[in-house]
Chemist: 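Just dropping this structure here.
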Protein chains: 2
Amino acid sequence: MQAKIQDVQPICAVDYAFRRIGGKYKGRLLWYLHNHQVLRYGELRRSIVDITPKMLTQTLRELEEDGLIHREVYHEVPPKVEYRLTTVGQELVPFIEHLRDWGMQQMRKENIPMIGDTNCITND
Amino acid sequence: MQAKIQDVQPICAVDYAFRRIGGKYKGRLLWYLHNHQVLRYGELRRSIVDITPKMLTQTLRELEEDGLIHREVYHEVPPKVEYRLTTVGQELVPFIEHLRDWGMQQMRKENIPMIGDTNCITND
DNA sequence: CAGCATCCCTTCCGATACTG
DNA sequence: CAGTATCGGAAGGGATGCTG
């Protein structure tokens, strides 16, 4: 498992920030959560098309421990768990949004095809 | 070596953008280049305090191949190589700046110490 | 000065099977 | 439904030594 943010002393603020949102799935996860407000585990699994249960759980736990998302468990049968952004997590949305705009522009310029859809949103 | 951007079909724009600036050193490298305009190999090695020559070269090559930085070789003895951001690379500066501001604010709030200095700039 | 080459280890990640 | 457990491979990264 990845080293926790708190356990590695950052070199500087850029280093620190990049480690909090780095990794293969964190960006998309935050972005999808922003777009849907609340998502259940299974919905996330379908949104992040190429993710395995293991990586989804792992990434969710890291983001939760890091204070960027909130996890709400409903003790029902069948079980139900909802995820949403925390206030701190929401602060990152403008950044991801701009980065996504830039990415879209680049992909159009270079004629790069993508697997999902243009605005990264999956409607289930 | 890391897979090239062009060789992996992105899921969506967020995925694509994150892969272009992901990695342990890319963010800081771009940020330092922005702050100094032009930096030589040795200057970069001193700026990125914890980097090894191998990783510095590797990261520089990836960014160059990806069109975010420009590499200028002066055929002198001793040799001299300068690096600077390309136009596309400069487009990323506002994002990194935003992310850095957020990181600084978070570190202050959580009282997280850092190894380098506050604004991530090393004066050699 | 600005690197390349080699070895090796750790971390990340995927595949598959199973559970309260 | 929302996960866990285990295995194994691939990628990322460090240490050291050498070179045009």
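In what follows, chains are A, B, ... by sequence order, proteins preceding strands, each numbered from 1.
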Chemist: Listed by chain and number, what are the side-chain contact (heavy atoms from CB on, under 4.5 Å) partners of A/V73, not counting sequence neighbours?
Modeler: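 Partners of A/V73 under the side-chain contact (heavy atoms from CB on, under 4.5 Å) test: A/R71, A/H75, A/V81.
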Chemist: Between atom CZ in A/R61 and atom C1' in D/dA5, what is the gap in whole Å?
Modeler: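 Answer to the nearest Å: 14 Å.
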Chemist: Quick one: ring pair (Phe, Tyr, Trp, His ring centres under 6.0 Å) partners of A/H34, sequence neighbours excluded?
Modeler: A/W31
Chemist: Tell me which donor-acceptor pairs under 3.5 Å the side chains of residues 99-112 of chain A have, and how far apart each pair is, sequence neighbours excluded?
Modeler:
unit_1	atom_1	unit_2	atom_2	d
A/W102	NE1	B/E91	OE1	3.0
A/Q106	OE1	A/K109	NZ	3.4

Chemist: Tell me the interatomic distance from B/R46, atom CZ, to C/dG3, atom P, rounded to whole angstroms.
Modeler: 13 Å
Chemist: Rounded to the nearest 0.5 Å, how far does CZ of A/R40 lie from OH of A/Y83?
Modeler: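 If we round to the nearest 0.5 Å, A/Y83:OH and A/R40:CZ are 11.0 Å apart.
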Chemist: Taking only residues two or more places apart in sequence, or in another chain, which ones meet B/Y41 in a side-chain hydrogen bond (donor to acceptor under 3.5 Å, both in side chains)?
Modeler: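 Applying side-chain hydrogen bond (donor to acceptor under 3.5 Å, both in side chains) to B/Y41 gives B/T57.
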Chemist: Where along residues 10-18 of chain B does a heavy atom come under 4.0 Å from DNA chain C, residue by residue in number order?
Modeler: none
Chemist: Grab the CD1-P distance between A/I48 and C/dC13 for me, whole Å please.
Modeler: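 Whole-Å distance recorded here is 13 Å.
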Chemist: For the helix from C/dC1-D/dG20 to C/dG20-D/dC1, figure out the bend between the end axes, five pairs an end, and round to 10 degrees.
Modeler: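 Angle reported: 60°, given to the nearest ten degrees.
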Chemist: Could you go over nucleotides 14-16 of chain D and give all protein N or O partners under 3.5 Å, atom names and distances?
Modeler:
unit_1	atom_1	unit_2	atom_2	d
D/dG14	OP1	B/K24	NZ	3.0
D/dG14	OP1	B/Y25	OH	3.2
D/dG14	OP2	B/Y25	OH	3.1
D/dG14	N7	B/K54	NZ	3.3
D/dG14	O6	B/K54	NZ	2.3

Chemist: Can you list the steps and then say if A/V88 with A/L68 is a side-chain contact (heavy atoms from CB on, under 4.5 Å)?
Modeler: CA-CA 6 Å; A/V88 181; A/L68 298 183; 3.8 Å; yes
Chemist: Output the rest of the hydrophobic cluster of A/V38: all Ile, Leu, Val, Met, Phe, Trp and Tyr residues reachable through side-chain heavy-atom contacts under 4.5 Å, sorted by chain and number.
Modeler: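 In the cluster with A/V38 there is nothing else; it is isolated.
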Chemist: Going from OG1 on B/T52 to CD on B/Q58, what distance comes out if it is rounded to the nearest 0.5 angstrom?
Modeler: 8.5 Å
Chemist: Round to a whole Å and report the spacing from CG of A/L44 to P of D/dC1.
Modeler: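 After rounding, the reported distance stands at 14 Å.
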Chemist: Do A/H36 and A/E43 have side chains that get closer than 4.5 Å, going by heavy atoms?
Modeler: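 SC-SC contact between A/H36 and A/E43 ruled out.
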Chemist: Tell me which residues in residues 68-84 of chain B put a heavy atom below 4.0 Å from DNA chain C, sorted by number, or none.
Modeler: B/R71, B/P78, B/P79, B/K80, B/V81, B/Y83
Chemist: Let me check something: any side-chain donor-acceptor pairs from residues 5-29 of chain B under 3.5 Å, sequence neighbours excluded? List them with distances.
Modeler:
unit_1	atom_1	unit_2	atom_2	d
B/D15	OD2	B/I11	N	2.9
B/Y16	OH	B/R20	NH1	2.7
B/R19	NH2	B/V8	O	3.0
B/R20	NE	B/D66	OD1	3.1
B/R20	NE	B/D66	OD2	3.0
B/R20	NH2	B/D66	O	2.8
B/R20	NH2	B/D66	OD1	3.2
B/K26	NZ	B/E62	OE1	3.4
B/R28	NH1	B/D50	OD1	3.2
B/R28	NH2	B/D50	OD1	3.4

Chemist: How close or far is atom C1' of C/dG14 from atom CZ of A/R45, stated in whole angstroms?
Modeler: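 Between C1' of C/dG14 and CZ of A/R45: 15 Å.
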Chemist: To the nearest 0.5 Å, how far apart are CG in B/L60 and CD1 in B/I51?
Modeler: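 Separation between the atoms: 7.0 Å.
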Chemist: Which Ile, Leu, Val, Met, Phe, Trp or Tyr residues join B/V77 in one cluster when any pair of side-chain heavy atoms under 4.5 Å counts as a link?
Modeler: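 Members besides B/V77: none; it forms no cluster.
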Chemist: For A/E82, which residues count as a salt bridge (charged side-chain N to carboxylate O under 4.0 Å, His left out) partner, sequence neighbours excluded?
Modeler: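 With sequence neighbours excluded, A/E82 shows a salt bridge (charged side-chain N to carboxylate O under 4.0 Å, His left out) to A/K80, A/R84, given in chain and number order.
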Chemist: So, taking the atom named CG in A/L39 and the one named CD1 in A/I48, what distance separates them when rounded to the nearest 0.5 Å?
Modeler: 8.5 Å
Chemist: For A/L29 and C/dC13, what is the distance between atoms CG and C1' respectively, to the nearest whole Å?
Modeler: 15 Å
Chemist: Rounded off to whole Å, could you give me the NZ-to-P distance for the B/K4 and D/dG12 pair?
Modeler: 13 Å
Chemist: Roughly how many Å is it from CD in A/E43 to C1' in D/dG3, rounded to a whole number?
Modeler: 16 Å
Chemist: Would you say A/R40 places a side-chain N or O within less than 4.0 Å of OP1 or OP2 belonging to D/dA2?
Modeler: yes
